[in-house]
Amino acid sequence: MIPYRILVSEFMLQQTGVTRVLSKYREFLEAFPSMRALAEASVQDVLAVWKGLGYNRRALALRETARIIRERHRGRIPRTVDELSALPGIGRATASAIIVFSCNIPLVFIETNIRRAYIHAFFPECRNVADSDLLPLVAKTLDRENPREWYYALMDYGASLRNVGGNPNRRSAAYARQSPFEGSLRQLRGQVLEVMLALRGADATQVEQALPKPDKRLNTALGQLVDEGFLRERKGRYFFR
């Protein structure tokens, strides 16, 4: 059960802070307490619980990953970075984190809080610091006897540095300001999914009438949601897959 819970937490923590994740994490595990439960859940049921976390692609990828693990790996999460990073929504850093935290195997990876800690400690005057400059330092300092606890402590320390003398991550080559959410197509897509959760089946006109305000990009949003596997279209009506 622990590897499954780690898998869920790592998906949720992508681009989302711990405080927002905590309550939703508990709710998600209550709704889908096992890999099998998640693999057998409908897209609609998963999105209904995920609602409020944003980045709904993660929910879709997590469900699909659970289905693949159940079908191809007999319900057991792979223990190699290559196998894990081949699954939907999992990059090499996330794959490494899942293995470290579920199996306590010493692997080197970087995420936002780790990056912040190393830039603060080793590159106090530098800008455009590349992850390739940080990874050798992580490798040299990694506690190989108990990497799980070491990473937990390191990430807590990195999180504490956000408001100490400015955010060191702004000096990272990987740093990019996120485009505004308000008024974005991403916001509209989220609104469409909320409407669909309430209506369960609707044509474009019904969706538009249920939106907070009309939006000329509605057909674009609907098309994207169909292409990405959230919705299916049949005779002008849209349904969850």
Just wondering, more than 12 heavy atoms not from Arg76 lying within 6.0 Å of its CZ?
no
Tell me if a side-chain donor or acceptor on Arg237 pairs with a main-chain N or O of Arg234 at a distance below 3.5 Å.
no
Where is the tightest heavy-atom contact between Ala95 and Val81, given as atom of each residue plus distance?
CB-O, 3.9 Å
Donor-acceptor contact below 3.5 Å, side chain Gln187 vs main chain Gly183:
yes
In the structure I gave you, are the side-chain heavy atoms of Leu38 and Tyr4 within less than 4.5 Å of one another anywhere?
yes
Polar side-chain atom of Arg70 near backbone of Arg36 as donor-acceptor pair, under 3.5 Å
no
Main-chain N/O of Val226 paired to Tyr238 side chain as donor or acceptor, under 3.5 Å:
no
Working to the nearest 0.5 Å, report the span between OG1 of Thr65 and NE2 of His73.
9.5 Å
Taking C-beta and beyond as the side chain, do Phe109 and Thr94 meet within less than 4.5 Å on heavy atoms?
no
Under 3.5 Å: donor-acceptor pair, side chain of Ser184, backbone of Phe181:
yes
Met35 side, atom CE; Glu40 side, atom CD - distance, nearest 0.5 Å:
12.5 Å
Is there a donor-acceptor pair under 3.5 Å between the side chain of Arg116 and the backbone N or O of Asn167?
no
From Ser23 atom OG to Leu53 atom CG, the distance as rounded to the nearest 0.5 Å
8.0 Å
Decide yes or no for Pro147 and Asn104: does some side-chain heavy atom of the first lie under 4.5 Å from some side-chain heavy atom of the second?
yes
Show your reasoning for whether side chain to side chain contact (heavy atoms under 4.5 Å, CB included) applies to Arg57 and Arg189.
CA-CA 11 Å; Arg57 287 192 189 97; Arg189 286 160 50 101; 3.6 Å; yes
Which value, rounded to the nearest 0.5 Å, describes the distance between Ile99 atom CD1 and Arg79 atom CZ?
8.5 Å
Okay, side chain of Gln206, backbone of Asp203: is any donor-acceptor separation there less than 3.5 Å?
yes
In sequence, state the C-alpha distance, the side-chain angles, and the governing distance for Leu7 and Ile69, and then conclude on side chain to side chain contact (heavy atoms under 4.5 Å, CB included).
CA-CA 11 Å; Leu7 177 74; Ile69 289 174; 4.2 Å; yes
Non-hydrogen atoms of Val207 and Ala202 that approach each other most closely:
CG2-CB, 4.0 Å
Do Leu225 and Leu185 share a hydrophobic cluster, counting only Ile, Leu, Val, Met, Phe, Trp and Tyr and linking them when any side-chain heavy atoms are less than 4.5 Å apart?
yes
Below 30° counts as parallel, above 60° as perpendicular, anything between as tilted: where do the rings of Tyr152 and Phe101 land?
parallel
Please round to the nearest 0.5 Å and tell me the distance separating atom CG of Leu231 and atom CZ of Phe239.
10.5 Å
Under 3.5 Å, side chain of Arg171 to main-chain N/O of Phe123, donor-acceptor pair present?
yes
What are the two closest non-hydrogen atoms of Ile77 and Pro3, and how far apart are they?
CD1-O, 3.1 Å
Is it true that the side chains of Asn169 and Ser172 contain a donor and an acceptor less than 3.5 Å apart?
no
Rounded to the nearest 0.5 Å, how far apart are CG of Leu107 and CZ of Arg144?
9.0 Å
Where do Ile98 and Ile90 land on the side chain to side chain contact (heavy atoms under 4.5 Å, CB included) test, with the steps shown first?
CA-CA 10 Å; Ile98 291 169; Ile90 300 180; 4.2 Å; yes
Any side-chain heavy-atom pair from Glu145 and Trp150 closer than 4.5 angstrom?
no
Thr16 and Arg58: side-chain donor and acceptor closer than 3.5 Å?
yes
Stepwise side chain to side chain contact (heavy atoms under 4.5 Å, CB included) test for Phe28 and Val46
CA-CA 8 Å; Phe28 195 91; Val46 172; 4.2 Å; yes
Take a 6.0 Å sphere around CZ of Arg72 and say whether it holds more than 12 heavy atoms from other residues, nucleotides or ligands.
no
Check whether Gln14 reaches the backbone of Gly89 with its side chain - one donor and one acceptor, N or O, closer than 3.5 Å.
yes
Can any side-chain N or O of Arg115 pair as donor or acceptor with the backbone N or O of Gly158 at less than 3.5 Å?
no
Shortest non-hydrogen contact from Asp82 to Ser85?
O-OG, 3.3 Å
Can you name the nearest heavy-atom pair linking Phe11 to Pro88, along with the distance?
CZ-O, 3.3 Å
Hey, are the side chains of Leu154 and Asn113 touching, using non-hydrogen atoms and a 4.5 Å cut-off?
no
